[in-house]
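Keep in mind it's a predicted model, so treat the numbers as computed, not measured.
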Amino acid sequence: MSVNVFFSYAHKDEDLRDELAKHLKILERQGIIETWYDRDIDAGAERSTEIDKQLTSADIILLLVSSDFVASDYCYDVELKRALERHDKGEARVIPIIVRPVDLEGTPFSKLQVLPKDAKPITEWDNQDKAFLNIAQGIRHSVEDLANAQQQQQLELYSSLLKLGYRQQARLFRRAIESESVAGFLIHGLPEYGQRWLLNRLVVQYLPEHLNSKIVKVNLNRLARKTNVESLWRELGVRVKVRGHKLTPPEIADGVYRWWLTQDVILVFHDVQALPESAVQEMIEQLWKPLTQRVQQASEGESACKLLMFLVDYVGKAEQWKLPFVEKLDASWKPQKPIKTPKIQEFTDKDLMDWLDDQYRDLPSDLTQGIDDKVKEILDSSEGGIPELALREICAQCGLDWYEELDKWLPL
């Protein structure tokens, strides 16, 4: 994710701004920053509105300081004031750049570290290219510091979000993998209820070595033919590297079993609702049951690895199936029958309140100030607590884009 850089400057210093922009071009080409200044305003756009929008979203604000900058009511009273407000809140970083000689004593930004080196104005350098180089290097360091801080914030938020809601599903999953080395799970709910988030959360939380696992992901909605499981056998055959034109479930199971002997194996079937109920039953009967039996019959000490299967329904269709899933664990449970985890429900005000209280120290202050009001905001913005919408709103409240984080947070 690139860092947004905003130029605040007096128009009499535009030539110096343009020269600095050239020296920052390498950072743009590398995708590290994106720059903006008022000449980027589209024709017909409201000038003050667009400037305020860009100023509010900037990560770094460059103040090109000169006597003209200080004399400009707009630069000094509007842009500078807003920039320092965001700087003081930790929302952005303000960097004054001394472009021409000016008295800084008593200015609101005199407390900030300035560029170039020793606050020597650009126009007083014998070689101005060296001045711009010094500024560009300073900005690069600030961008790297900011990127590291943002990454840390993302990690902390991710860690906190892993503790929000889904308690029934998490409890059932934990009990199952603690008692057996092999287990299958149905994850289901209505659209946007966070099925994929829950899948990844369970694996990340309770299988800390999952990055070393053999992971097979199949999107059943993309298979060419979905009326039976023949296309699934072909797909799995390719994944487990079993050669043959027409592969049988025992051959596929044998390939999975050989993996299991040396590493954890995680089978993930996304969009299981795309298959007819009869095809799901066929998959369980012909592949999963024989595979689990073989694993359980393996001699003691042959493998200490886990074999897990996830069937993920994204539209709530599985609620209508009559398949023999297990809904609670007791002495009669056998891994040959996949576990039907509780249907995902909306986050409640209690879920959110408890989470904000528990994670108070690890969340940004903007999210923990006025918790009652914050819970109401999240619920109102998520149609009453629909999980994915709530997660998206929480990310937005923390200055992150939920969709930009998905590739990192949802590898399965």
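Between Phe69 and Tyr9, a ring centre-to-centre spacing not shorter than 6.0 Å is recorded.
Crowding of Asp77 atom CG: a count of heavy atoms from other residues, nucleotides or ligands under 6.0 Å exceeding 12. Within a 6.0 Å sphere centred on CD of Gln168, heavy atoms belonging to other residues, nucleotides or ligands number 12 at most. Atom CG of Asp126 is surrounded by 12 or fewer heavy atoms from other residues, nucleotides or ligands within 6.0 Å. Atom CD of Gln263 has more than 12 neighbouring heavy atoms from other residues, nucleotides or ligands inside a 6.0 Å radius. By the neighbour-count criterion of 12 heavy atoms within 6.0 Å, atom NZ of Lys337 is sparsely surrounded, having that number or fewer from other residues, nucleotides or ligands. The number of heavy-atom neighbours closer than 6.0 Å to CZ of Arg167, taken from other residues, nucleotides and ligands shown, is 12 or below. By the 6.0 Å contact criterion, CD on Gln113 is open, its count of non-hydrogen atoms from other residues, nucleotides or ligands being 12 or less. Residue Tyr74 places its OH atom among more than 12 non-hydrogen atoms of other residues, nucleotides or ligands, all under 6.0 Å distant.
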Trace of the side chain to side chain donor-acceptor pair (under 3.5 Å) decision for Glu393 with Gln397: CA-CA 6 Å; Glu393 175 63 19; Gln397 294 270 353; 2.9 Å; yes

Hey, mind stepping through Gln195 and His188 against side chain to side chain contact (heavy atoms under 4.5 Å, CB included) and telling me if it holds? CA-CA 6 Å; Gln195 288 89 325; His188 62 113; 5.8 Å; no

From CA spacing to verdict: side chain to side chain donor-acceptor pair (under 3.5 Å), Thr348, Asp351: CA-CA 5 Å; Thr348 66; Asp351 290 331; 3.2 Å; yes

Walk me through whether Arg174 and Gln169 qualify under side chain to side chain donor-acceptor pair (under 3.5 Å). CA-CA 9 Å; Arg174 186 182 67 250; Gln169 294 86 354; over 6 Å; no

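Note on ring orientation: taking the six-membered ring where Trp is involved, the planes of Trp197 and Tyr158 are perpendicular (angle over 60°, cut-offs 30° and 60°). Using bins of under 30°, 30° to 60° and over 60° for the plane-to-plane angle, the ring pair Phe173/Phe185 lands in the tilted bin.
A heavy-atom distance below 4.5 Å is not found between the side chains of Trp259 and Leu307. Side-chain contact between Leu186 and Val312 is absent, with no heavy atoms from C-beta onward closer than 4.5 Å. A heavy-atom distance below 4.5 Å is not found between the side chains of Asp401 and Glu405. Within the 4.5 Å cutoff, side-chain heavy atoms of Phe269 are placed close to those of Leu232.
A donor-acceptor pair is defined here as one N or O able to donate and one able to accept, closer than 3.5 Å; such a pair exists between the side chain of Arg86 and the backbone of Thr56. For the pair Asp271 (side chain) and Gln273 (backbone), a donor-acceptor distance under 3.5 Å is absent. Between the side chain of Asp264 and the main chain of Trp260, no donor-acceptor pair closer than 3.5 Å is present. Between the side chain of Asn127 and the main chain of Asp129, a donor-acceptor pair closer than 3.5 Å is present.
Geometrically, Arg201 does not engage Tyr166 in a cation-pi contact defined by less than 6.0 Å to the ring centre and at most 45° from the axis. Geometric assessment of Lys163 against the ring of Trp355 yields a negative cation-pi assignment under the 6.0 Å and 45° thresholds.
Between Glu14 and Arg17 there is no salt bridge, since none of the side-chain N atoms of the basic residue sits less than 4.0 Å from a carboxylate O of the acidic one. Between Lys111 and Asp88 there is a salt bridge, with a side-chain nitrogen of the basic residue lying less than 4.0 Å from a carboxylate oxygen of the acidic one. For the pair Asp13 and Arg100, the salt-bridge criterion is met [side-chain N within less than 4.0 Å of a carboxylate O]. Looking at Asp380 and Lys376, a side-chain N of the basic residue comes within less than 4.0 Å of a carboxylate O on the acidic one, giving a salt bridge. Remark: Asp354 engages Lys350 in a salt bridge, criterion side-chain N to carboxylate O under 4.0 Å. Ion pairing between Glu19 and Lys22 holds under the 4.0 Å rule for side-chain N and carboxylate O.
Between the side chains of Glu79 and Ser8, at least one donor N or O sits under 3.5 Å from an acceptor N or O. A donor-acceptor pair shorter than 3.5 Å cannot be found between the side chains of Glu285 and Gln281.
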